[in-house]
Amino acid sequence: MALVARRYLDDAKLFGAGMELVSIKENLIDQVWGAERPPFPMNVAIVHPLEVRSIDATAAPAGIALIQLNGLWPSMLARARLTRWRRFAPP
Amino acid sequence: MKQRSADVLVLAALDEVAWLLNVRGSDVDFNPVVLSYVIVTHDTVRWYVCADKVTDDVRQHLGDAVQVLPYEQIFDDLKNVPASHHVWLDGAKSTLALLDQIPHAHRIDENSPVAIPKAIKNDAEVAGFKECSLRDSVALVNFFSWLEAYLSDPASPPINEVQASDRLLEFREYVSFVRSFVAHAQTCNHL
(Lines give C-alpha, C1' and ligand atoms only; values in the text may rest on other atoms or scores of the structure.)
Protein backbone atom coordinates (compact mmCIF):
# COMPACT_ATOMS: atom_id res chain seq x y z
CA MET A 1 0.00 0.00 0.00
CA ALA A 2 2.84 2.34 0.87
CA LEU A 3 4.40 1.68 -2.52
CA VAL A 4 1.18 2.54 -4.27
CA ALA A 5 0.83 5.70 -2.21
CA ARG A 6 4.42 6.63 -3.00
CA ARG A 7 3.79 6.12 -6.70
CA TYR A 8 0.81 8.44 -6.61
CA LEU A 9 2.74 10.92 -4.51
CA ASP A 10 5.38 11.10 -7.21
CA ASP A 11 2.71 12.01 -9.71
CA ALA A 12 2.87 15.79 -9.64
CA LYS A 13 -0.29 16.02 -11.68
CA LEU A 14 -2.25 14.42 -8.86
CA PHE A 15 -0.62 15.85 -5.79
CA GLY A 16 1.44 18.79 -6.92
CA ALA A 17 4.73 19.79 -5.42
CA GLY A 18 5.52 20.08 -1.73
CA MET A 19 3.35 17.22 -0.48
CA GLU A 20 4.75 14.70 1.97
CA LEU A 21 3.77 11.09 2.60
CA VAL A 22 3.52 10.32 6.31
CA SER A 23 2.85 7.08 8.16
CA ILE A 24 0.03 7.28 10.69
CA LYS A 25 -1.87 4.60 12.57
CA GLU A 26 -4.08 6.80 14.71
CA ASN A 27 -7.78 6.98 14.08
CA LEU A 28 -8.17 9.48 11.26
CA ILE A 29 -11.94 9.59 11.41
CA ASP A 30 -12.07 12.17 14.18
CA GLN A 31 -9.34 14.24 12.55
CA VAL A 32 -11.10 14.31 9.21
CA TRP A 33 -14.65 14.79 10.45
CA GLY A 34 -14.07 16.78 13.62
CA ALA A 35 -17.28 18.16 15.04
CA GLU A 36 -19.13 17.32 11.84
CA ARG A 37 -18.79 13.59 12.38
CA PRO A 38 -22.23 11.97 12.08
CA PRO A 39 -23.61 10.56 15.31
CA PHE A 40 -23.14 6.87 16.01
CA PRO A 41 -26.26 5.00 14.86
CA MET A 42 -28.43 4.06 17.83
CA ASN A 43 -31.19 2.04 16.20
CA VAL A 44 -32.45 -0.81 18.32
CA ALA A 45 -31.73 -4.41 17.42
CA ILE A 46 -34.47 -6.94 16.83
CA VAL A 47 -34.65 -10.69 16.91
CA HIS A 48 -34.70 -11.95 13.35
CA PRO A 49 -38.20 -13.20 12.50
CA LEU A 50 -38.05 -16.36 10.45
CA GLU A 51 -40.68 -15.25 7.96
CA VAL A 52 -41.24 -15.24 4.23
CA ARG A 53 -43.54 -12.46 3.06
CA SER A 54 -44.76 -11.94 6.62
CA ILE A 55 -45.67 -15.60 6.91
CA ASP A 56 -43.98 -17.82 9.45
CA ALA A 57 -41.56 -19.85 7.34
CA THR A 58 -42.10 -22.88 9.52
CA ALA A 59 -45.88 -22.81 9.09
CA ALA A 60 -46.41 -22.26 5.35
CA PRO A 61 -44.36 -23.32 2.34
CA ALA A 62 -42.83 -20.40 0.49
CA GLY A 63 -44.06 -21.86 -2.78
CA ILE A 64 -47.56 -20.61 -2.11
CA ALA A 65 -46.35 -17.04 -2.04
CA LEU A 66 -44.43 -17.52 -5.27
CA ILE A 67 -47.43 -18.89 -7.11
CA GLN A 68 -49.53 -15.96 -5.95
CA LEU A 69 -46.91 -13.47 -7.02
CA ASN A 70 -46.25 -15.12 -10.34
CA GLY A 71 -49.90 -15.45 -11.28
CA LEU A 72 -51.56 -12.30 -10.09
CA TRP A 73 -49.38 -9.59 -8.78
CA PRO A 74 -47.34 -8.35 -11.73
CA SER A 75 -49.99 -8.74 -14.38
CA MET A 76 -52.81 -7.04 -12.52
CA LEU A 77 -51.43 -4.48 -10.15
CA ALA A 78 -48.30 -3.41 -11.98
CA ARG A 79 -50.22 -2.93 -15.20
CA ALA A 80 -52.79 -0.81 -13.42
CA ARG A 81 -50.07 1.39 -11.98
CA LEU A 82 -48.31 1.71 -15.31
CA THR A 83 -51.16 3.77 -16.70
CA ARG A 84 -50.54 6.43 -14.09
CA TRP A 85 -46.75 6.24 -14.42
CA ARG A 86 -46.94 6.94 -18.10
CA ARG A 87 -48.27 10.35 -17.23
CA PHE A 88 -45.18 11.07 -15.14
CA ALA A 89 -43.63 14.43 -15.86
CA PRO A 90 -40.32 15.05 -14.10
CA PRO A 91 -39.91 18.40 -12.40
CA MET B 1 -12.26 -23.63 16.91
CA LYS B 2 -10.66 -26.65 18.53
CA GLN B 3 -9.75 -28.07 15.13
CA ARG B 4 -7.94 -24.86 14.32
CA SER B 5 -6.40 -24.64 17.78
CA ALA B 6 -8.13 -21.33 18.30
CA ASP B 7 -8.81 -20.13 21.81
CA VAL B 8 -10.67 -17.00 20.80
CA LEU B 9 -12.81 -16.19 17.77
CA VAL B 10 -13.46 -12.55 16.88
CA LEU B 11 -16.29 -11.66 14.53
CA ALA B 12 -16.02 -8.19 13.06
CA ALA B 13 -18.14 -8.71 9.95
CA LEU B 14 -21.58 -7.34 10.80
CA ASP B 15 -23.46 -9.90 8.72
CA GLU B 16 -21.67 -12.72 10.53
CA VAL B 17 -22.53 -11.20 13.90
CA ALA B 18 -26.18 -10.91 12.84
CA TRP B 19 -26.24 -14.51 11.60
CA LEU B 20 -24.58 -15.96 14.69
CA LEU B 21 -26.86 -14.21 17.17
CA ASN B 22 -29.91 -14.19 14.90
CA VAL B 23 -30.42 -10.48 15.45
CA ARG B 24 -30.96 -7.73 12.94
CA GLY B 25 -30.68 -3.95 12.95
CA SER B 26 -30.79 -0.84 10.82
CA ASP B 27 -27.52 0.90 11.61
CA VAL B 28 -26.32 0.71 7.98
CA ASP B 29 -28.48 1.78 5.05
CA PHE B 30 -29.92 -1.17 3.13
CA ASN B 31 -28.17 -3.65 5.43
CA PRO B 32 -30.05 -5.26 8.34
CA VAL B 33 -27.11 -5.25 10.70
CA VAL B 34 -26.15 -3.91 14.11
CA LEU B 35 -22.83 -2.13 14.58
CA SER B 36 -21.17 -4.53 16.99
CA TYR B 37 -18.54 -7.20 17.50
CA VAL B 38 -18.62 -10.71 18.91
CA ILE B 39 -15.93 -12.63 20.73
CA VAL B 40 -16.40 -16.35 21.17
CA THR B 41 -14.29 -18.50 23.44
CA HIS B 42 -14.73 -22.17 24.23
CA ASP B 43 -17.19 -21.35 26.98
CA THR B 44 -18.37 -17.75 26.46
CA VAL B 45 -20.00 -15.54 23.85
CA ARG B 46 -19.59 -11.78 24.24
CA TRP B 47 -21.52 -9.26 22.18
CA TYR B 48 -19.95 -5.80 22.11
CA VAL B 49 -22.76 -3.40 21.34
CA CYS B 50 -24.28 -0.20 22.67
CA ALA B 51 -26.54 -1.33 25.47
CA ASP B 52 -29.35 1.01 24.37
CA LYS B 53 -29.76 -1.05 21.21
CA VAL B 54 -30.47 -4.24 23.11
CA THR B 55 -34.16 -4.39 23.93
CA ASP B 56 -35.74 -6.69 26.45
CA ASP B 57 -36.89 -8.95 23.61
CA VAL B 58 -33.35 -9.29 22.35
CA ARG B 59 -32.00 -9.92 25.84
CA GLN B 60 -34.62 -12.61 26.34
CA HIS B 61 -33.69 -14.12 22.97
CA LEU B 62 -30.00 -14.19 23.86
CA GLY B 63 -30.60 -15.51 27.36
CA ASP B 64 -27.70 -16.08 29.69
CA ALA B 65 -25.55 -17.56 26.96
CA VAL B 66 -24.47 -14.19 25.58
CA GLN B 67 -22.86 -11.43 27.60
CA VAL B 68 -23.69 -7.93 26.38
CA LEU B 69 -20.74 -5.59 26.79
CA PRO B 70 -19.96 -1.98 25.77
CA TYR B 71 -18.99 -1.56 22.12
CA GLU B 72 -15.58 -0.02 22.74
CA GLN B 73 -14.60 -2.58 25.36
CA ILE B 74 -13.56 -5.09 22.72
CA PHE B 75 -10.24 -3.32 22.26
CA ASP B 76 -9.36 -3.62 25.94
CA ASP B 77 -10.54 -7.21 26.10
CA LEU B 78 -8.41 -8.18 23.12
CA LYS B 79 -5.40 -6.55 24.69
CA ASN B 80 -5.98 -8.67 27.77
CA VAL B 81 -6.13 -11.98 25.94
CA PRO B 82 -3.33 -14.14 27.36
CA ALA B 83 -0.27 -14.09 25.15
CA SER B 84 -0.38 -17.85 24.74
CA HIS B 85 -3.88 -17.81 23.24
CA HIS B 86 -4.50 -18.04 19.53
CA VAL B 87 -7.05 -15.60 18.17
CA TRP B 88 -9.05 -16.34 15.04
CA LEU B 89 -9.93 -13.19 13.12
CA ASP B 90 -10.57 -12.83 9.41
CA GLY B 91 -8.32 -9.93 8.53
CA ALA B 92 -10.17 -9.30 5.29
CA LYS B 93 -13.31 -8.49 7.27
CA SER B 94 -11.73 -6.54 10.09
CA THR B 95 -10.46 -3.07 10.72
CA LEU B 96 -6.74 -2.49 11.11
CA ALA B 97 -7.36 -1.14 14.62
CA LEU B 98 -8.85 -4.46 15.68
CA LEU B 99 -6.22 -6.51 13.88
CA ASP B 100 -3.44 -4.57 15.58
CA GLN B 101 -4.64 -5.71 19.00
CA ILE B 102 -3.60 -9.29 18.20
CA PRO B 103 0.08 -10.27 18.02
CA HIS B 104 0.81 -11.57 14.55
CA ALA B 105 2.30 -14.81 15.82
CA HIS B 106 -0.92 -15.69 17.64
CA ARG B 107 -3.30 -14.62 14.92
CA ILE B 108 -5.29 -17.06 12.78
CA ASP B 109 -6.19 -14.97 9.77
CA GLU B 110 -8.69 -17.11 7.89
CA ASN B 111 -12.35 -17.17 6.94
CA SER B 112 -14.36 -17.36 10.12
CA PRO B 113 -16.22 -20.60 10.91
CA VAL B 114 -19.42 -18.61 10.47
CA ALA B 115 -18.80 -17.83 6.80
CA ILE B 116 -19.49 -21.24 5.27
CA PRO B 117 -22.53 -22.25 7.36
CA LYS B 118 -23.98 -18.79 6.70
CA ALA B 119 -23.57 -19.30 2.97
CA ILE B 120 -25.65 -22.48 3.05
CA LYS B 121 -29.26 -21.43 2.54
CA ASN B 122 -32.35 -23.36 3.53
CA ASP B 123 -35.41 -23.77 1.30
CA ALA B 124 -37.17 -20.73 2.74
CA GLU B 125 -34.13 -18.55 2.14
CA VAL B 126 -33.67 -19.83 -1.42
CA ALA B 127 -37.35 -19.14 -2.07
CA GLY B 128 -36.85 -15.66 -0.64
CA PHE B 129 -33.98 -14.95 -3.02
CA LYS B 130 -36.05 -16.12 -5.98
CA GLU B 131 -38.97 -14.01 -4.92
CA CYS B 132 -36.75 -10.95 -4.50
CA SER B 133 -35.38 -11.47 -8.01
CA LEU B 134 -38.88 -11.90 -9.36
CA ARG B 135 -40.11 -8.73 -7.70
CA ASP B 136 -37.11 -6.74 -8.89
CA SER B 137 -37.55 -8.07 -12.41
CA VAL B 138 -41.15 -6.86 -12.38
CA ALA B 139 -40.00 -3.43 -11.26
CA LEU B 140 -37.24 -3.25 -13.87
CA VAL B 141 -39.44 -4.39 -16.75
CA ASN B 142 -42.11 -1.89 -15.80
CA PHE B 143 -39.50 0.84 -15.49
CA PHE B 144 -38.00 0.04 -18.90
CA SER B 145 -41.48 0.00 -20.41
CA TRP B 146 -42.28 3.35 -18.84
CA LEU B 147 -38.93 4.85 -19.91
CA GLU B 148 -39.37 3.66 -23.49
CA ALA B 149 -42.83 5.17 -23.69
CA TYR B 150 -41.66 8.37 -22.04
CA LEU B 151 -38.69 8.89 -24.32
CA SER B 152 -40.67 8.11 -27.44
CA ASP B 153 -43.18 10.81 -26.60
CA PRO B 154 -41.99 14.09 -28.21
CA ALA B 155 -43.93 16.04 -25.62
CA SER B 156 -41.95 14.57 -22.71
CA PRO B 157 -39.58 17.01 -20.99
CA PRO B 158 -35.96 15.88 -20.77
CA ILE B 159 -35.22 13.51 -17.90
CA ASN B 160 -31.88 13.30 -16.11
CA GLU B 161 -30.19 10.38 -14.36
CA VAL B 162 -31.31 11.30 -10.87
CA GLN B 163 -34.93 11.61 -11.97
CA ALA B 164 -34.73 8.24 -13.71
CA SER B 165 -33.16 6.66 -10.64
CA ASP B 166 -35.89 8.12 -8.41
CA ARG B 167 -38.54 6.77 -10.77
CA LEU B 168 -36.98 3.32 -10.70
CA LEU B 169 -36.99 3.48 -6.92
CA GLU B 170 -40.73 4.13 -7.01
CA PHE B 171 -41.24 1.09 -9.22
CA ARG B 172 -39.14 -1.00 -6.84
CA GLU B 173 -40.94 0.23 -3.75
CA TYR B 174 -44.24 -0.76 -5.30
CA VAL B 175 -43.22 -4.42 -5.46
CA SER B 176 -40.97 -4.59 -2.39
CA PHE B 177 -41.41 -4.23 1.33
CA VAL B 178 -38.10 -2.51 1.93
CA ARG B 179 -35.49 -0.58 0.00
CA SER B 180 -32.64 -2.86 -0.90
CA PHE B 181 -30.32 -0.38 -2.60
CA VAL B 182 -30.24 2.84 -4.55
CA ALA B 183 -30.09 2.56 -8.33
CA HIS B 184 -27.09 4.16 -9.97
CA ALA B 185 -28.29 5.46 -13.29
CA GLN B 186 -25.96 6.83 -15.90
CA THR B 187 -26.00 7.58 -19.57
CA CYS B 188 -23.31 6.51 -21.99
CA ASN B 189 -21.42 9.79 -22.06
CA HIS B 190 -20.53 9.29 -18.38
CA LEU B 191 -18.71 6.02 -18.97
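Only this structure's heavy atoms are used, side chains among them; waters, hydrogens and symmetry mates stay out. Note that the structure is predicted; figures quoted are calculated from it, not measured. Chain identifiers are assigned alphabetically (A, B, ...) following the order of the sequence lines, protein sequences preceding nucleic acid strands; residue numbering begins at 1 within each chain.
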Smallest separation among heavy atoms of A45(A) and V58(B), with atom names:
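Taking every non-hydrogen atom into account, O-CG2, 3.4 Å.
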Using every non-hydrogen atom in the two residues, find where N43(A) and K53(B) come nearest and quote the distance to one decimal.
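That closest heavy-atom pairing would be O-CG, 3.3 Å.
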Select, from [options], the one with the greatest count of heavy-atom pairs under 4.5 Å involving chain A.
options                           : value
V54(B), D100(B), D57(B), N160(B)  : D100(B)
A155(B), S26(B), A139(B), A164(B) : S26(B)
L35(B), V33(B), D52(B)            : L35(B)

Taking atom [atom1] of [X] as the centre, does the number of heavy atoms from other residues, nucleotides or ligands within less than 6.0 Å exceed 12?
X       : atom1 : value
D56(B)  : CG    : no
L28(A)  : CG    : yes
H104(B) : NE2   : no

Please classify the contact between W19(B) and chain A as side chain, backbone, both or neither, with a heavy-atom cut-off of under 4.5 Å.
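Interface part for W19(B): neither.
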Examine whether an atom of V34(B) lies under 4.5 Å from a heavy atom of chain A, and if so say whether it belongs to the side chain, the backbone or both; otherwise answer neither.
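It is the side chain, since no backbone atom gets that close.
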Any link between [X] and [Y] through a network of hydrophobic side chains (Ile, Leu, Val, Met, Phe, Trp, Tyr) touching at under 4.5 Å?
X       : Y      : answer
I108(B) : M1(B)  : yes
V40(B)  : L89(B) : no
L96(B)  : V87(B) : no

Got a second to check how far H61(B)'s NE2 is from I46(A)'s CD1, nearest 0.5 Å?
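It comes to 10.5 Å.
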